[in-house]
Amino acid sequence: MSCRKCPRLVSYREKVAAEKTKRYAEWNYWGRPVPGFGDRRAELVIIGLAPAAHGGNRTGRVFTGDLSAKFMVDCLYEAGFTSQPNSDSMDDGLHMINSYMLAAVRCVPPGDRPARDEALNCFPFLERELKLLKHAKVVLLLGKFAFDSYVRFLRETLGLNSRGMKFSHGAVYRIEGHPALYASYHPSPRNTNTGMLTRLMFLDLLASIKKELP
Ligand code: SF4
């Protein structure tokens, strides 16, 4: 995939890939849009914000090779949703078990903040991917950006009433005939290092999700 619709993001993803960072100087960075990863028949779909500069933008796989991935995949493993606790590179052997993860925006944004027009540019990719995930029973939304992107999908793509749906950690919304929505703080170091999101909080959420899946 070689989409170049967002000039600012294209220039940033390529700049990061060319300049690299010292500890990954030997890597051949991906530097392109990062698609979702996992089991296409998954009942759990996890949506994050966007690839990290030296995570997904380096490795080419979403939630791979950065601290958010380290935290989240270890928890997913403990809850039985991955084959191993680590997510380091495309060839590390990771398999998602009844789960699929993707980002609302596919290219790394400066400061982890996509602009509104960039989010809108990338929305058709999110729509397409979500429509393919026909077996989803729960959608776990990591952070307000992912939450709002999914609510846009419900409202604009599926024509559902999303009135009253607001992001907060632990919020759960149910719409008959559609996957349940679970909201969590994003597992970024900003949240996990400050105790805003602890391992116990995230595992609790995953345990509740597990109960939704027969
Ligand atoms: S963020 Fe999405 S729409 Fe923008 S360049 Fe990347 S893939 Fe294309």
Side-chain angles (χ1 to χ4, degrees), residues 1-21 24 27-40 42 45-69 72-73 87 89-91 94 96 99-134 136 139-158 162 167 179 181 183-191:
M1 188 199 180
S2 57
C3 174
R4 305 183 68 83
K5 217 168 171 185
C6 310
R8 187 183 76 118
L9 301 193
V10 170
S11 133
Y12 186 62
R13 77 191 188 201
E14 292 176 357
K15 178 174 179 287
V16 170
E19 291 176 355
K20 312 185 182 182
T21 189
Y24 298 125
W27 269 77
N28 188 11
Y29 273 52
W30 178 256
R32 283 173 276 154
V34 178
F37 173 71
D39 173 4
R40 285 273 178 197
V45 172
I46 303 162
I47 307 181
L49 166 59
H54 304 288
N57 190 58
R58 170 175 61 93
T59 62
R61 196 175 71 189
V62 69
F63 282 109
T64 301
D66 59 20
L67 291 174
S68 302
M72 187 176 84
V73 175
S87 175
S89 64
M90 267 203 205
D91 58 0
L94 176 71
M96 303 300 290
S99 60
Y100 188 95
M101 50 193 187
L102 68 156
V105 169
R106 291 182 166 210
C107 295
V108 55
D112 295 323
R113 282 176 191 272
R116 188 178 150 71
D117 62 324
E118 292 160 350
L120 290 175
N121 285 347
C122 216
F123 186 63
F125 293 117
L126 179 66
E127 277 183 310
R128 200 178 310 161
E129 210 158 12
L130 287 172
K131 282 182 182 171
L132 288 173
L133 296 164
K134 294 184 191 308
V139 178
L140 172 58
L141 300 158
L142 305 173
K144 187 175 183 316
F145 187 91
F147 184 89
D148 290 345
S149 300
Y150 189 72
V151 168
R152 180 182 300 137
F153 172 75
L154 293 178
R155 191 179 58 239
E156 294 178 12
T157 310
L158 302 184
S162 60
F167 175 79
L181 272 75
S184 168
Y185 292 133
H186 192 284
S188 60
R190 199 177 303 136
N191 290 331

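Just so it is clear, the values below take in all heavy atoms, side chains as well, and ignore hydrogens, waters and symmetry mates. We count residues from 1, following the sequence as given. All ligand and atom numbering here is 1-based and tracks the order in the structure.
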TODO: Count the heavy atoms belonging to other residues, nucleotides or ligands that lie under 6.0 Å from CZ of R155, then report whether that count exceeds 12.
DONE: yes

Open item on the list: I'd like to know if R4 and E14 make a salt bridge, using a cut-off of under 4.0 Å between side-chain N and carboxylate O.
Closed with: yes

Task: Atom indices of ligand 1 within 4.0 angstrom of N121 heavy atoms, with elements - done: 3 (S)

- [ ] Just jot down the ligand 1 atoms closer than 4.0 angstrom to any heavy atom of C3, in number order.
- [x] 3 (S), 5 (S), 7 (S), 8 (Fe)

TODO: Can you sort out which atoms of ligand 1 are near K5, meaning under 4.0 Å from one of its heavy atoms?
DONE: 3 (S), 5 (S)

Task: Contact check: C6 to atom 4 (Fe) of ligand 1, N/O/S below 2.8 Å - done: yes

Open item on the list: Please classify the P33 to ligand 1 contact at 4.0 Å (heavy-atom distances, strictly less than): side chain, backbone, both or neither.
Closed with: side chain

Task: ligand 1 contact on V105 by region, counting heavy-atom pairs under 4.0 Å - done: side chain

Task: For E127, all residues meeting side-chain contact (heavy atoms from CB on, under 4.5 Å), sequence neighbours excluded - done: F123, P124, F153, T157

Task: Interfacing atoms of ligand 1 (cut-off 4.0 Å, heavy-atom, L9) - done: 1 (S)

Give the table of side-chain donor-acceptor pairs shorter than 3.5 Å for residues 139-151, with sequence neighbours excluded, one pair per line with atom names and distance.
{"residue": "K144", "atom": "NZ", "partner": "D148", "partner atom": "OD2", "Å": "2.6"}
{"residue": "S149", "atom": "OG", "partner": "F145", "partner atom": "O", "Å": "2.8"}

Task: Side-chain donor-acceptor contact under 3.5 Å, S87 with R61 - done: yes

Open item on the list: Ignoring hydrogens and geometry beyond distance, is a side-chain donor-acceptor pair present between S89 and T59 at under 3.5 Å?
Closed with: no

Open item on the list: Suppose I only count heavy atoms of C122 and a 4.0 Å limit; which atoms of ligand 1 are within that range?
Closed with: 1 (S), 2 (Fe), 3 (S), 7 (S)

